[in-house]
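Below is one structure, written out as structure tokens, with a few remarks after it.
Counting starts at 1 for both ligands and their atoms, in listed order. Residue numbers run from 1 in the order of the sequence given.
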Amino acid sequence: MAILKILQYPDERLHKVAVKVNAVTDSTRKLVKDMAETMYAAPGVGLAATQVDVHQRIIVVDTSETNNNLLVFINPEIISMSGESDCEEGCLSVPGIYDKVRRAERITVKAQNAKGEAFTLEAAGLLAVCIQHEMDHLLGKVFVEYLSQLKQTRIRAKLKKRLRETM
Ligand code: K1U
Ligand code: ZN
């Protein structure tokens with residue numbers, strides 16, 4: 001297994017749109033394992049393939065307290081959503097920035113697992129928020145894009161400054 005490099009906002013590659021996975025192969029499973037290891041090491045509760053510069057529709061999520069409930073979604077699609085929730089979000093690609101985003105409170109998502117089998121999952125609360133956040137990554141959208149232009153400008157400047165200081 002390997003820990004992958006996570007792209008940092010405002011990297012342009014975070015805006016690429018991921019493509020459908022046509023066949024779940026051993027190399028898909030290797031990527032999923034590496035993504036899970038990267039997410040747990042960060043630490044985070046989710047990770048999209050986009051964030052590790054792989055532009056395929058794959059996300060991993062684990063919102064359990066004990067880090068023992070890894071969920072793998074290949075080609076995820078939200079088939080129903082209801083309610084609204086304003087939840088504080090963070091992002092491993094936007095370190096140190098947290099803000100509230102309005103999302104659906106409950107969703108039903110269909111996807112394939114790491115064996116390529118289709119499944120459907122109903123999610124609420126943090127799990128639902130996290131799946132929506134990761135699915136946005138697959139569309140090239142980062143959560144800060146829900147914030148005001150003023151906040152986005154400040155966040156971009158702050159992260160660029162931090163990047164310069166670490167070079
Ligand atoms: O997409 C990502 O970068 C992962 C992101 C997922 C997420 C968190 C909160 C709301 C929506 C989506 C993170 O995991 S940020 C880190 C984080 O929230 C966390 C880290 C350690 C323990 C618990 C949470
Ligand atoms: Zn994120």
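The existence of a salt bridge linking K161 and E165 is confirmed by a sub-4.0 Å separation between a basic side-chain nitrogen and an acidic carboxylate oxygen.
The nearest pair of heavy atoms linking T50 to L14 is CG2-O, 3.9 Å. The two residues D99 and F143 make their nearest non-hydrogen contact at N-CE1, 3.9 Å. Among all heavy-atom pairs drawn from T63 and C130, the shortest one is CG2-CB, 4.2 Å.
The protein non-hydrogen atom at the shortest distance from atom 4 (C) of ligand 1 is G46 O, 3.0 Å. Of the protein's non-hydrogen atoms, P43 O, 3.6 Å is the one closest to atom 21 (C) of ligand 1. Here the heavy atom of the protein found nearest to atom 5 (C) of ligand 1 is G90 O, 3.7 Å.
Counting the atoms of ligand 1 from 1 in the order shown, those under 4.0 Å from a heavy atom of H137 are 1 (O). Heavy-atom contacts of Q51 reach the following atoms of ligand 1: 1 (O), 2 (C), 3 (O) (cutoff under 4.0 Å). Every atom of ligand 1 is numbered from 1 in the order shown, and the set under 4.0 Å from a heavy atom of G44 is 14 (O), 20 (C). Of all the atoms in ligand 1, the ones that sit under 4.0 Å from a non-hydrogen atom of L92 are 2 (C), 3 (O), 4 (C). Close contacts between ligand 1 and V45 involve ligand atoms 6 (C), 7 (C), 8 (C), 13 (C), 14 (O), 23 (C), 24 (C) [criterion: under 4.0 Å to a heavy atom].
The neighbour count for R154 CZ, taken as heavy atoms of other residues, nucleotides or ligands under 6.0 Å away, does not exceed 12. Other residues, nucleotides and ligands contribute over 12 non-hydrogen atoms within 6.0 Å of the NZ atom of K141.
Both tests do not hold together for K151 against Y146: distance to the six-membered ring centre under 6.0 Å, angle to the ring axis within 45°.
Per-atom contact check: atom 7 (C) of ligand 1 touches the protein, criterion being a heavy-atom distance below 4.0 Å.
Neither the backbone nor the side chain of M39 comes within contact range of ligand 1; no heavy atom lies under 4.0 Å.
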| request: Go through the steps for D34 and K30 under the test salt bridge (charged side-chain N to carboxylate O under 4.0 Å, His left out), then give the verdict. | output: CA-CA 6 Å; D34 289 346; K30 160 96 172 69; 2.6 Å; yes
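Only protein N, O or S atoms were considered, and those under 2.8 Å from the Zn ion (ligand 2) are C91 SG, H133 NE2, H137 NE2.
For the side-chain contact (heavy atoms from CB on, under 4.5 Å) criterion with L4, the lone passing option out of V52, L47, D53 is V52.
The hydrophobic cluster containing L121 does not contain I74, counting ILVMFWY residues as joined when their side-chain heavy atoms lie under 4.5 angstrom apart, directly or transitively.
For ligand 1, one of its N or O atoms has an N or O atom of E134 under 3.5 Å away.
Considering only heavy atoms from C-beta on, Q51 comes within 4.5 Å of E134 through its side chain.
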